S.K.: 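Here it is: the structure, laid out below.
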Amino acid sequence: MYPIKRTPIKELLHAKEFNIEVNVKGWVRTKRGNKSLAFINLNDGSIIHGIQIVAELANFDENMIKLITTGSCISVTGTLVQSQGQGQSVEIQATTIEVYGTADAEVYPLQKKGHTLEFLREIAHLRPRTNTFGAVLRIRHAMSYAIHKYFNDNGFYNIHSPIITGSDAEGAGAMFRVTTLDPINPPKTETGAVNYAEDFFGKETNLTVSGQLEAELAALALTKVYTFGPTFRAENSNTARHLAEFWMIEPEVAFNDLVDNMDLAEDFLKYLINYALTHCMDDLEFLEKMYENELLSRLRFVVEESFERLTYTQAVEILKESNHPFEFPVDWGADLQSEHERYLVEKHFKRPVILTHYPKQIKAFYMKLSEDGKTVKAMDVLFPGIGEIIGGSQREEDHDKLLMRIREMGIHEKDVWWYLETRKYGTCPHAGFGLGFERLILFVTGMGNIRDVIPFPRTPKNAEF
RNA sequence: UCCUCCUUAGCUCAGUUGGUUAGAGCAUUUGACUGUUAAUCAAAGGGUCCCUGGUUCGAGUCCAGGAGGGGGAGCCA
């Protein structure tokens, strides 16, 4: 007898042909049965559903059957048949079973019963074996693929921006230092400061907080580019929407203005959500059933309806006229609070909102100054339940105006000389934005906490696994 | 970092005004059952009540400090 090639469970569940010999390998979710039969629900992660294995106990060694417990890993060879029982259409009548790895039922943490997401976070090394995390991880993959596909199909080039950077130009947040210096006894300068000239790169270096500035350099040569890479923020943020290590997508397009930028953002998001609806329905249906009753209708709504576009100034007026009892006052010039954004998105417009033209003093130095001299051509895309999912802008392409903003904000010119040079040589209008990948996954999956949409979350006081 | 809530069996939780031997469901083990669907039924085993200190005749329960976690806020994607 020669070994039969393993078939993914996903294929078997869609089989049209029966009474054929097949082999499956996977992890046992449940085993139940009686004196003569065992029913094993086997899952290999190829699809959220498991396949039912039927084993007639008379045909197997009793001690081997005992090893088949929730969490164990087995290989099953048998006949694929149409199910005799209710609840599934196909099943495998097992002829041989090999146990690859046991999972002592006394101590294996995952049970047939549901677990809280908080508990699963403590066993992040095992949680991919749950239905929930299988679904999230498959959707995460699908979204990652769809992002590359969208950009590729639309003429963008993927740029690998550096992960170690020598500048904190954007000021997007606290950074993680990268160093090989001895932390206990670092070399010092004459004034007693740490002498980074002796460090690995001969200067202070950090993990990137954004690939945008580098993406701009590439856009001013390849026209349409994007980055998709890990991003690091050393902020002490303890919320369901922040991670210290997350993934960010940053398209940057030469010759685009703010309206083009909004069009791109809206089309991009709709494409991604539609991709999930057409390719991840099994997983979405599971998540809808378990976590959010209106997940599918919410996703369809976003794909079908247009986003509301208005300026920051108009938003402030709406908020002031709303007579809604906000905890924080609404004032032109101050950044909007979460409660203000939520009101606009969830109460007033009841749809995604793109806010533009924020006061220049609350936005980054590289954003293009508007004609009024008071606002910049920024845009934030706000989603229900998530808040800011995209932040972007048209960039300041005028060298002198950019230099003025750099000086106003106290940034050292010598740190961004290379960025300024792009405005000196062949500058042009351009625009781009950053999409938080995990925030997209939050929205698509309906999960409530960002720590549950990345396999191994890094947050303050947590870098386990 | 701020506000707030929580921490009791492997998991999810209950535990009265401070009172004798700390409970339930699920899980686990054993048994019963010829097709189960988170199977069902019966029995059994299972506890550093987060940690440290204090008050008290007596603390899971009250007080102080610490640790960890949830929710909200800020920062942002």
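Computed from a prediction, not measured in an experiment: that's the story for all the values here. Residue numbers begin at 1 in each chain, while the letters A, B, ... track the order of the sequences.
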S.K.: Strictly by Watson-Crick or wobble contacts shorter than 3.5 Å, is anything paired with B/rA73, and which nucleotide is it?
M.R.: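 When the pairing criteria are applied, B/rU1 turns out to be the nucleotide that pairs with B/rA73.
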S.K.: Nearest to the side chain of A/Val54, heavy atoms from C-beta on, is which of B/rU1, B/rC75, B/rG35?
M.R.: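 Among the listed nucleotides, the one closest to the side chain of A/Val54 is B/rG35.
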S.K.: Show your working on side chain to side chain contact (heavy atoms under 4.5 Å, CB included) between A/Phe383 and A/Ile390 and close with a plain yes or no.
M.R.: CA-CA 9 Å; A/Phe383 261 36; A/Ile390 277 180; over 6 Å; no
S.K.: Is it the case that the side chains of A/Glu266 and A/Ser306 hold a donor-acceptor pair, with the cut-off being a distance below 3.5 Å and no angle test?
M.R.: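 On atom types as modelled, these side chains do not qualify, holding no pair under 3.5 Å.
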S.K.: Between B/rG71, B/rG35, B/rA77, spot the one nearest the side chain of A/Arg451, thanks.
M.R.: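 Nucleotide nearest to A/Arg451's side chain: B/rG71.
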S.K.: Please say whether more than 12 non-hydrogen atoms of neighbouring residues, nucleotides or ligands are located less than 6.0 Å from NZ in A/Lys270.
M.R.: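 Atom NZ in A/Lys270 is crowded, with more than 12 foreign heavy atoms closer than 6.0 Å.
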S.K.: Does the base of B/rG74 carry an N or O that pairs as donor and acceptor with the side chain of A/Glu339 under 3.5 Å?
M.R.: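 It does not, because no donor-acceptor pair links the side chain of A/Glu339 to the base of B/rG74 below 3.5 Å.
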S.K.: Using a cut-off of strictly less than 4.0 Å, decide whether A/Arg439 has a side-chain nitrogen or oxygen near OP1 or OP2 of B/rC76.
M.R.: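 False: A/Arg439 side-chain N/O out of range (4.0 Å or more) of B/rC76 OP1/OP2.
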S.K.: Please pick, from B/rG35, B/rG71, B/rC75, the nucleotide with the shortest atom-to-atom distance to any side-chain atom of A/Glu91.
M.R.: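 Selected nucleotide (nearest to the side chain): B/rG35.
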S.K.: For B/rC33, does either OP1 or OP2 sit under 4.0 Å from a side-chain N or O belonging to A/Arg32?
M.R.: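 No, no such contact exists.
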S.K.: Answer whether the closest heavy-atom distance between the side chains of A/Tyr312 and A/Thr375 falls below 4.5 Å.
M.R.: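 A/Tyr312 does not reach A/Thr375 side chain to side chain.
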S.K.: Can you check the distance between B/rC49 and B/rA59, where both ends of the measurement are the P atom (answer in whole Å)?
M.R.: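 My reading of the P atoms in B/rC49 and B/rA59 gives 13 Å.
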S.K.: When you get a sec, tell me which of B/rC11, B/rA77, B/rA73 is the closest nucleotide to the side chain of A/Met248?
M.R.: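 The closest nucleotide is B/rA77.
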S.K.: What interatomic distance, in whole Å, is found between C1' of B/rA14 and the corresponding atom of B/rA24?
M.R.: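 About 7 Å, rounded to a whole number of Å.
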S.K.: Taking only N and O in the side chain of A/Ser338, is any of them less than 4.0 Å away from OP1 or OP2 of B/rG72?
M.R.: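 Indeed not, no polar side-chain atom of A/Ser338 lies that close.
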S.K.: Report yes if the ring of A/Phe246 lies under 5.5 Å from the six-membered base ring of B/rA77 with planes under 30°, and no otherwise.
M.R.: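 Yes.
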S.K.: Centre-to-centre under 6.0 Å for A/Phe349 and A/Phe307, is that the case here?
M.R.: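 Ring centres of A/Phe307 and A/Phe349 not closer than 6.0 Å.
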S.K.: Is the A/Phe156 ring parallel, tilted or perpendicular to the A/Tyr150 ring (thresholds 30°, 60°)?
M.R.: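 Judged by the thresholds at 30° and 60°, the geometry between A/Phe156 and A/Tyr150 is tilted.
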S.K.: Taking atom types as they are modelled, would you say the side chain of A/His242 forms a donor-acceptor pair with the base of B/rC76 within the 3.5 Å cutoff?
M.R.: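 Check passes, donor-acceptor contact within cut-off.
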S.K.: Determine the Euclidean distance between corresponding P atoms of B/rC57 and B/rU12; express it in Å to zero decimal places.
M.R.: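 That atom pair is separated by 38 Å.
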S.K.: Considering only B/rU36, B/rG70, B/rC76, which nucleotide approaches the side chain of A/Glu118 most closely?
M.R.: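 So the nucleotide nearest the side chain must be B/rG70.
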S.K.: How many whole angstroms separate atom CZ of A/Phe119 from atom P of B/rU8?
M.R.: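 Interatomic distance, CZ of A/Phe119 to P of B/rU8: 12 Å.
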S.K.: By the 4.0 Å heavy-atom rule, please label A/Glu56 as base, sugar-phosphate, or nothing.
M.R.: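 No contact.
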S.K.: Which nucleotide wins on minimum distance to the side chain of A/Asn449, given the candidates B/rU1, B/rC76, B/rG71?
M.R.: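 Of the candidates, B/rG71 comes closest.
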S.K.: Have a look at A/Ile390 and say if it touches a base, only the backbone sugar-phosphate, or nothing, with a 4.0 Å heavy-atom cut-off.
M.R.: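 If one applies the 4.0 Å heavy-atom cut-off, A/Ile390 turns out to touch the sugar-phosphate alone, with no base involved.
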S.K.: When the C1' atoms of B/rA27 and B/rA43 are considered, how many whole Å apart are they?
M.R.: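 Result for the C1' pair: 16 Å, nearest Å.
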S.K.: A/Asn34 side chain N/O closer than 4.0 Å to the phosphate oxygens (OP1, OP2) of B/rG35?
M.R.: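 True: A/Asn34 side-chain N/O within range (under 4.0 Å) of B/rG35 OP1/OP2.
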S.K.: If we ignore angles and hydrogens, is there a donor and acceptor under 3.5 Å between the side chains of A/Glu216 and A/Tyr366?
M.R.: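 Judged by distance alone, the side chains do not pair up.
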S.K.: Can you identify which nucleotide, out of B/rG74, B/rU12, B/rG35, has its nearest atom closest to the A/Gln337 side chain?
M.R.: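 Taking heavy atoms from C-beta onward, the closest nucleotide is B/rG74.
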S.K.: For the C1' atoms, the ones on B/rU21 and on B/rG68, what distance do you get once it is rounded to whole angstrom?
M.R.: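 Result for the C1' pair: 31 Å, nearest Å.
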S.K.: Using atom CG of A/Asn238 as one end and atom C1' of B/rC3 as the other, report the distance to the nearest whole Å.
M.R.: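 Whole-Å distance recorded here is 13 Å.
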S.K.: Should A/Phe246 and A/Arg233 be marked as a side chain to side chain contact (heavy atoms under 4.5 Å, CB included) after you check the CA-CA gap, both sets of side-chain angles, and the distance that decides it?
M.R.: CA-CA 8 Å; A/Phe246 62 101; A/Arg233 305 270 168 95; 3.6 Å; yes
S.K.: Taking the P atom in each of B/rU55 and B/rG45, what is the distance between them to the nearest angstrom?
M.R.: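 The same atom, P, in both gives a distance of 39 Å.
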S.K.: Testing the basics here: between A/Phe286 and A/Ala135, what is the closest heavy-atom pair and its distance to 0.1 Å?
M.R.: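 Closest approach of A/Phe286 to A/Ala135, heavy atoms only: CD2-CB, 4.4 Å.
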S.K.: For B/rA64, give the paired nucleotide (Watson-Crick: N1-N3 plus N6-O4 or O6-N4; G-U: N1-O2 and O6-N3; both under 3.5 Å), or none.
M.R.: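 Because both required distances fall under 3.5 Å, B/rA64 counts as paired with B/rU52.
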S.K.: Check whether any side-chain nitrogen or oxygen of A/Lys35 sits under 4.0 Å from OP1 or OP2 of B/rU34, and answer yes or no.
M.R.: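 A/Lys35 to B/rU34 OP1/OP2: no side-chain N or O under 4.0 Å.
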S.K.: Do we see a donor-acceptor contact under 3.5 Å between the side chains of A/Glu21 and A/Thr79?
M.R.: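 Side-chain D/A pair, A/Glu21 to A/Thr79: present.
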S.K.: Whole Å only: how far is the CD atom of A/Glu327 from the P atom of B/rA73?
M.R.: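 Rounding to the nearest Å, CD of A/Glu327 and P of B/rA73 are 9 Å apart.
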S.K.: Find out whether the Lys NZ or Arg CZ of A/Arg298 is both under 6.0 angstrom from the six-membered ring centre of A/Phe443 and within 45° of the ring's axis.
M.R.: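 So A/Arg298 does make the cation-pi contact.
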S.K.: Hydrogens and angles aside, do A/Ser36 and A/Asn34 bring a side-chain donor and acceptor to less than 3.5 Å of each other?
M.R.: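 Checked: A/Ser36/A/Asn34 side chains pair up, N/O donor to acceptor below 3.5 Å.
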S.K.: Kindly point out which of B/rU34, B/rA73, B/rA77 is positioned nearest to the side chain of A/Ser36?
M.R.: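 Looking only at side-chain atoms, A/Ser36 lies closest to B/rU34.
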S.K.: Anything under 30° is parallel, anything over 60° is perpendicular, the rest tilted; go ahead and classify A/Phe326 against A/His324.
M.R.: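 Aromatic pair A/Phe326/A/His324 classed tilted.
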S.K.: Which base sits across from B/rC57 as a Watson-Crick or G-U pair, both distances under 3.5 Å?
M.R.: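 Per the H-bond distance test, B/rG19.
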S.K.: Side-chain donor-acceptor pair under 3.5 Å between A/Asn23 and A/Ser75, yes or no?
M.R.: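 Yes, A/Ser75 and A/Asn23 have a side-chain donor paired with an acceptor closer than 3.5 Å.
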S.K.: In whole angstrom, give the distance that lies between atom CE of A/Met379 and atom C1' of B/rA77.
M.R.: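 Atom CE in A/Met379 sits about 12 Å away from atom C1' in B/rA77.
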S.K.: Can you see if the side chain of A/Thr116 gets near the phosphate of B/rU12 - specifically, an N or O under 4.0 Å from OP1 or OP2?
M.R.: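 A/Thr116 to B/rU12 OP1/OP2: side-chain N or O found under 4.0 Å.
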S.K.: Would you kindly check whether a donor in the side chain of A/Ser237 faces an acceptor in the base of B/rC75, or vice versa, at under 3.5 angstrom?
M.R.: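 For A/Ser237, whose side chain was compared with the base of B/rC75, there is a donor-acceptor pair (under 3.5 Å).
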S.K.: Find every protein N or O atom lying less than 3.5 Å from an N or O atom of nucleotides 40-42 of chain B, and list the pairs.
M.R.:
none

S.K.: Given B/rG70, is OP1 or OP2 found less than 4.0 Å from the side-chain N or O atoms of A/Arg121?
M.R.: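 Result: yes.
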S.K.: With P as the reference atom in both, quote the distance from B/rG74 to B/rU17 in angstrom, rounded to an integer.
M.R.: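 Per the computed distance, 38 Å lies between those P atoms.
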S.K.: Look through every strand shown and name the nucleotide pairing with B/rU29 as Watson-Crick or G-U wobble, where both distances are under 3.5 Å.
M.R.: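 The answer is B/rA43, by the H-bond criterion.
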S.K.: If you only use heavy atoms from C-beta on, which nucleotide in B/rU28, B/rG35, B/rA73 is closest to the side chain of A/Glu106?
M.R.: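 Given the options B/rU28, B/rG35, B/rA73, the side chain of A/Glu106 is closest to B/rU28.
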S.K.: Quick one, which residues of residues 41-52 of chain A touch RNA chain B with a heavy atom under 4.0 Å?
M.R.: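 Within this stretch, A/Gln52 sit under 4.0 Å of the strand.
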S.K.: Could you check how far NE2 of A/His340 sits from C1' of B/rG72, rounded to whole Å?
M.R.: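 That distance rounds to 15 Å.
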S.K.: Return the 5'-most residue of the pair A/Glu341, A/Thr69 with respect to RNA chain B, ranking by each residue's nearest nucleotide.
M.R.: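 On the 5' side of the pair lies A/Thr69.
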S.K.: Nearest of B/rC26, B/rG35, B/rU12 to any side-chain atom of A/Gln111?
M.R.: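 When the side chain of A/Gln111 is considered, B/rC26 is the closest of B/rC26, B/rG35, B/rU12.
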S.K.: 5'-most contact on RNA chain B: A/Asp380 or A/His115, nearest heavy atom basis?
M.R.: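 It is A/His115, whose closest nucleotide lies nearer the 5' terminus.
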S.K.: Figure out the CZ/P separation between A/Arg241 and B/rG71, and round it to whole Å.
M.R.: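 Checked: the CZ to P distance equals 10 Å.
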S.K.: Quantified in whole Å, what is the C1' atom distance between nucleotide B/rC33 and nucleotide B/rA42?
M.R.: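 To the nearest whole Å, 12 Å.
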